[in-house]
Amino acid sequence: QVRLVESGGGLAQPGGSLRLSCAASGSRFSIGTMGWYRQAPGKQRELVAHITTGGSTNYANSVKGRFTITRDNAENTVTLQMNSLKPGETATYYCDAYVMLTSTSGYTEWGQGTQVTVSS
């Protein structure tokens, strides 16, 4: 079974930076698109950024220009560099990965989440 483990969360001041990492392990299948979602208390889970195996990226409009997503296909890891953090971005951040079972099918796996708090 695929396991995703996030790390790098913590406390940042407004305007500060954090770097989140996620590693996928335990899969004999290929990992496709990987990315990050976040969920604040009382709110729906929100897409932050995704990156394909080819390096194409997709960002939420609210984070464009401030966050950068990267990946290492060989290691099945994905990172999220978050700069100029805002208090409203306090949330639990979840890593996700698409596990490819066949060329046309698969499923999405989720990590356990890592807490990001932006406060002064």
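Treat the numbers as computed from the prediction; the structure is a model and nothing was measured.
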Within the 4.5 Å heavy-atom criterion, are [X] and [Y] side-chain neighbours or not?
X	Y	result
R66	K86	yes
E89	V63	yes
I51	T33	no
F67	L20	no
L11	S119	yes
C95	V78	yes
N83	R19	no
Q112	E6	yes

For R3, does the CZ atom sit with more than 12 other heavy atoms under 6.0 Å from it, leaving out its own atoms?
no

Flag yes if more than 12 heavy atoms outside Q115 fall under 6.0 Å of its CD atom; otherwise flag no.
yes

Quick one: closest heavy-atom pair of T79 and S21, and the distance?
CG2-OG, 3.7 Å

Minimal non-hydrogen separation, L4 against C22, with atom names:
CB-SG, 4.0 Å

Centre of Y94's six-membered ring, under 6.0 Å away, within 45 degrees of the axis: is that where NZ or CZ of R38 sits?
no

Mind checking whether [X] and [Y] sit in one hydrophobic cluster, side chains of I, L, V, M, F, W, Y counted as touching below 4.5 Å?
X	Y	result
V2	F29	yes
V5	L18	no
L80	Y98	no

Test item: side-chain donor near acceptor, T53 and N73, under 3.5 Å:
no

When the aromatic ring centroids of W110 and Y37 are compared, is their separation below 6.0 Å?
yes

